[in-house]
Amino acid sequence: MLRGCFALIGVGVLILLYHEFKVFQVKDYKEKYDYVNLHEIRYFWYAVMAFILAAALFSNSVFTERITSTARGMLFFYVRIFITMSLALIAYFTFYSMIRIYYPKYLEKRLNKFRTTPRISPAGNAMRRLSEEEEDVHMEADMIAEEANVHSVDYDVWIDDKTGYKKIEKYNSYQHAEECSECGYYTLKIDREEIEVKPTANEPGLLLKHYKCDFCNHREAMEVKLAKLSDNA
C-alpha cells in the first residue's frame with residue numbers, strides 16, 4: 001500500500017511537471033494561451049486523481065493494524081477494499097467540486113496574463129494592443145462581422161508603432177467563464193447571443209449576450225454596442 005502510495009504521488013508530480021514543461025516550451029503567448037486553455041484542466045485533474053488514489057492507499061495502510069485486530073481472513077480483505085473505495089470516492093467528489101468551482105478563477109487569470117503580455121515584433125520592439133475603437137481599422141470586414149455573430153469570437157490587434165508590423169489574434173470568448181454575481185464563482189458563461197438592433201451605415205447596433213451560471217443556474221444579460229457599418233468599412 002505504501003509503495004503504491006509513493007508511486008502515485010510521483011505520477012501526479014510528473015504529470016504537473018510535464019504540463020508545465022510543455023507550456024515553457026511554447027514561446028508564442030497566443031500559442032501558450034491556446035495550449036493552456038485546451039489542456040490545463042485535464043492534466044490538473046489527472047494529477048489530482050493520482051493524489052486521491054495515493055491518499056486512499058495511505059489511509060488504508062494506516063488503518064490496517066486496527067482492522068487486523070478485529071477482522072480475519074476474507075472479511076479483513078473486503079473491509080480494506082471497502083475503506084479504500086470509500087475514501088477514494090469521497091475525495092473524488094470533493095475535489096471534483098472544488099476544481100469545477102474554484103479552479104476556473106485561477107485559470108482565467110493565467111490565460112489573461114498570456115493574452116495581455118506585450119508581444120514582440122520581428123524587429124524586437126514591444127507591441128501595443130489596440131483598443132476596441134482602434135482595432136476595427138486594422139481588421140477585415142469578415143473579422144468584424146464574426147465578432148458580432150452568435151457565439152462570437154474576440155480579436156486582439158497588436159501593432160508595432162515603430163515599424164507598423166501588425167499581428168491579429170483570435171479568441172473564442174464563449175469558452176471562458178466569468179464571475180457570477182449571484183454565487184461569486186467563476187462559472188458564468190455565455191449561453192446565447194442575439195442582435196437586438198442591427199448596425200447600419202449611420203446608426204450603431206446592439207448585441208444582447210445571455211449568460212448562465214453552471215453552478216447556481218443564475219441568468220443575466222449584457223448589452224454590447226456594435227459599431228456602425230461605415231466605421232467597419
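Here the structure is a predicted model, which is why all the values come from computation and not from measurement. These numbers come from the heavy atoms of this one structure, side chains and all, not from hydrogens, waters or symmetry mates.
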Is the distance between the ring centroids of F24 and F21 less than 6.0 Å?
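No, too far apart.
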Note to self: Centre-to-centre under 6.0 Å for H19 and Y35, is that the case here?
What the structure shows: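 Between Y35 and H19, which both carry aromatic rings, the centre distance is below 6.0 Å.
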For the residue pair [X] and [Y], establish whether any side-chain heavy-atom pair is separated by less than 4.5 Å.
| X | Y | result |
| --- | --- | --- |
| E182 | C213 | no |
| E108 | L111 | yes |
| F114 | V23 | yes |

Parallel, tilted or perpendicular for Y46 and Y43, by the 30°/60° rule?
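Rings of Y46 and Y43: perpendicular, over 60°.
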A cation-pi test, strictly: NZ or CZ of K27 under 6.0 Å from the centre of the six-membered ring of Y29 and no more than 45 degrees from its axis. Yes or no?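 Verdict for Y29: no cation-pi partner in K27.
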- Message: With a 6.0 Å cut-off (strictly less than), is the heavy-atom count around NZ of K30, excluding the residue itself, greater than 12?
- Response: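 Result for NZ/K30: enclosed.
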Looking only at non-hydrogen atoms, find the nearest pair between [X] and [Y] and report the distance.
| X | Y | value |
| --- | --- | --- |
| F215 | T187 | CB-OG1, 3.5 Å |
| T163 | A123 | CG2-CB, 4.0 Å |
| L16 | F44 | CD2-CD1, 4.1 Å |
| T117 | W158 | O-CH2, 3.5 Å |
| G12 | A47 | O-CB, 3.6 Å |
| I120 | A126 | CD1-CA, 3.9 Å |

Measuring from atom [atom1] of [X] to atom [atom2] of [Y], what distance do you get when rounded to the nearest 0.5 angstrom?
| X | Y | atom1 | atom2 | answer |
| --- | --- | --- | --- | --- |
| N112 | Y33 | CG | OH | 8.0 Å |
| I168 | I159 | CD1 | CD1 | 9.5 Å |
| S121 | K167 | OG | NZ | 10.5 Å |
| Y186 | L188 | OH | CG | 11.0 Å |
| L2 | F6 | CG | CZ | 5.5 Å |
| R119 | E169 | CZ | CD | 4.0 Å |

Ignoring hydrogens and angles, tell me if any N or O in the side chain of K32 forms a donor-acceptor pair with the backbone of V26 under 3.5 Å.
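Here the side-chain-to-backbone pair exists.
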N-O pairing of E40 and K109 below 4.0 Å:
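Result for this pair is no, no salt bridge flagged.
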Partner set under salt bridge (charged side-chain N to carboxylate O under 4.0 Å, His left out) for R128, not counting sequence neighbours
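For R128 the salt bridge (charged side-chain N to carboxylate O under 4.0 Å, His left out) partners, ignoring immediate neighbours, are E134, D161.
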message = I need the single residue from D154, D160, D156 that forms a salt bridge (charged side-chain N to carboxylate O under 4.0 Å, His left out) with R129. Which is it?
response =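 When D154, D160, D156 are each tested with R129, the salt bridge (charged side-chain N to carboxylate O under 4.0 Å, His left out) holds only for D156.
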